[in-house]
Amino acid sequence: MQNLIIRGGRRLGGDVSIHGAKNSVLPLICSTVLLNGKSILHNCPALTDVYAALDILESLGIEWSMSGSDIEIISKHPENFEISEELMLKMRSSVMFLGAILSRTGRAVISAPGGCRLGPRPIDIHISALKKLGAVMRESGGRLIFEALNGLVGTEIVLDFPSVGATENIIMAGALASGVTVIYNAAREPEIKDLTDFLIKCGADISGGGTDTVVIRGVNRLDCAEHTVIPDRIEAATYMAAAAATGGNITLKSVIPNHFNAVSEVLRESGCEINCSDNEAIISAPSRLDAVKAVKTRVYPGFPTDAGPMILSALSTARGTSVISESIFENRFGFTDELSRFGARVMVFGKVAVVDGVNSLSAAQCNCTDLRGGAALIIAALTANGESTVGNLCHIMRGYQDLSKNLRMLGADITEM
Ligand code: EPZ
């Protein structure tokens with residue numbers, strides 16, 4: 001599938017079931033390097049980033065199989081401790097294998113990770129934390145070589161920034177370290193607690209997962225467990241933005257509404273009605289949204305950076321001018337040049353986007369530049385009058401399972417070429 005052909009201007013309606021969270025299943029897969037025996041992860045999404053993580057597991061000598069949304073992983077002591085440059089470049093999240101491999105084997109070799117073009121994606125916080133746990137790092141030929149031949153030793157770590165990946169890396173590194181590791185200013189995203197819940201089932205001694213202070217008491221051995229991946233709050237936000245943009249009315253099933261409260265609040269401010277139960281959210285949008293004067297992306301539980309592009313796209317036809325301030329990534333708005341092809345009026349000043357709502361968008365040909373920017377372009381095409389083409393779908397395949405199929409079931413006129 002290379003392109004989507006979308007004939008826009010149709011209201012979305014119906015039910016959509018949300019898949020397991022990409023940003024949870026990836027660290028969960030990394031963490032199985034620490035374990036022994038057969039784990040089963042349920043509710044896993046079929047995404048290219050997931051397959052990339054499983055390829056890395058395989059390169060470490062750890063066997064896996066996937067049936068439907070279940071992934072079975074047979075953990076044992078890894079046969080090696082190096083991740084090839086080719087596998088590292090497939091996705092940024094590969095850096096999250098670092099803590100688990102180092103903690104399990106005492107050595108790890110990686111290279112600079114790949115990932116979305118959201119701006120510089122350094123891993124200095126990861127490296128600094130692992131050094132505090134006793135790792136020694138040297139660079140050679142573009143590779144980062146870590147050693148902790150006497151094992152990692154727990155310590156207190158204060159994160160300069162509550163990095164999601166670094167928090168997850170430290171948790172995995174501390175799980176088999178000697179002594180106690182305490183992370184202050186830890187990331188609080190729900191995916192962190194999903195990881196600690198799984199590791200605790202496997203025998204880890206961890207408290208505070210999902211809060212800003214996580215305490216990991218190292219143990220000698222971790223076994224294995226069954227676990228169901230939490231729903232993807234960003235996939236949910238994507239369908240909500242699509243409904244908002246098209247004046248639609250959709251029900252999201254298999255969600256945890258509390259995980260996207262900040263997104264719901266912004267959509268309510270734009271004029272949408274959102275009603276939630278334990279595991280469902282119903283969004284009903286007006287024929288035209290009101291502008292939202294100030295959307296500010298923040299770390300969790302604030303408005304998530306990953307939902308910014310899709311909400312921006314929905315607000316491009318709102319009544320009035322909206323302002324979206326990004327606080328996490330340098331180039332979150334890199335997709336707006338492509339969005340302007342639809343007639344959207346967006347001015348970007350560094351990490352601030354000013355969106356002058358237009359009466360309607362017109363069909364265009366565009367190409368995805370990154371995962372969430374690509375989802376924003378698809379939402380613009382669903383809104384625009386006429387036939388649009390969206391290319392470079394490899395970005396979409398990284399983070400959305402069955403997006404075009406689900407949108408078709410919600411009434412969109414969308415075909416894959
Ligand atoms: C995770 O990325 C998510 N990815 C991202 O989702 C998400 O946007 C991000 O968290 C923020 O919520 C996964 O969970 C797989 P960070 P991560 O470390 O861990 C800077 C998506 O679309 N930083 O919290 O890489 C970094 O440059 C993806 O699903 C350092 O400076 O995010 C960025 O500006 C995109 N040094 C900020 O922190 C470091 O060592 C956030 O990074 C690490 C990060």
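Start at 1 and go down the list; that is how both ligands and their atoms are numbered.
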Exercise. Going by atom types alone, do H227 and D194 pair a side-chain donor with an acceptor below 3.5 Å?
Worked result: yes
Problem set entry | Distance-only donor-acceptor check, side chains H395 and D370, under 3.5 Å | no
Seminar exercise, completed: Counting from 1 in the order shown, the ligand 1 atoms closer than 4.0 Å to a non-hydrogen atom of I123 are 39 (C), 40 (O)
For this session: Could you say whether the N/O atoms of R372 and ligand 1 ever approach to under 3.5 Å?
Result: yes
Exercise. Is the closest N or O pair between I125 and ligand 1 shorter than 3.5 Å?
Worked result: yes
Problem set entry | Lys/Arg N to Asp/Glu carboxylate O, E326 vs K296, below 4.0 Å | no
Exercise. Are the side chain of D356 and the backbone N or O of R345 linked by a donor-acceptor pair below 3.5 Å?
Worked result: no
Exercise. How about M409: does its CE atom have over 12 heavy atoms from other parts shown lying under 6.0 Å from it?
Worked result: no
For this session: Looking only at distances, please establish whether an N/O atom of ligand 1 is found under 3.5 Å from an N/O atom of E168.
Result: no
For this session: Looking only at distances, please establish whether an N/O atom of ligand 1 is found under 3.5 Å from an N/O atom of G165.
Result: yes
Exercise. Looking only at side chains, do E72 and W64 share a donor and an acceptor under 3.5 Å apart?
Worked result: no
Exercise. Contact between G399 and ligand 1, counting heavy atoms under 4.0 Å?
Worked result: no
Exercise. For K38, does the NZ atom have more than 12 heavy-atom neighbours from other residues, nucleotides or ligands under 6.0 Å away?
Worked result: no
Seminar exercise, completed: Logged contact type for F161 with ligand 1, heavy-atom cut-off 4.0 Å, is side chain
Exercise. Any non-hydrogen atom of I328 lying under 4.0 Å from ligand 1?
Worked result: yes
Exercise. For ligand 1, does K22 get within less than 4.0 Å through its side chain, its backbone, both, or neither, judged by non-hydrogen atoms?
Worked result: side chain
Seminar exercise, completed: Honestly, for D124 the part within reach of ligand 1 (heavy atoms, under 4.0 Å) is both
Problem set entry | Location of contacts on V164 toward ligand 1, heavy atoms closer than 4.0 Å | both
Exercise. By number and element, which atoms of ligand 1 are closer than 4.0 Å to a non-hydrogen atom of L371?
Worked result: 22 (O)
Problem set entry | Pair H19-D232, side-chain donor/acceptor within less than 3.5 Å | no
Problem set entry | Closest contact, heavy atoms only, G134 versus L152 | C-CD2, 4.4 Å
Problem set entry | Close-contact set for ligand 1 against F329 heavy atoms, below 4.0 Å | 8 (O), 33 (C), 34 (O)
Seminar exercise, completed: In terms of its nearest heavy atom to atom 6 (O) of ligand 1, the top option of D306, D370, V299 is D306
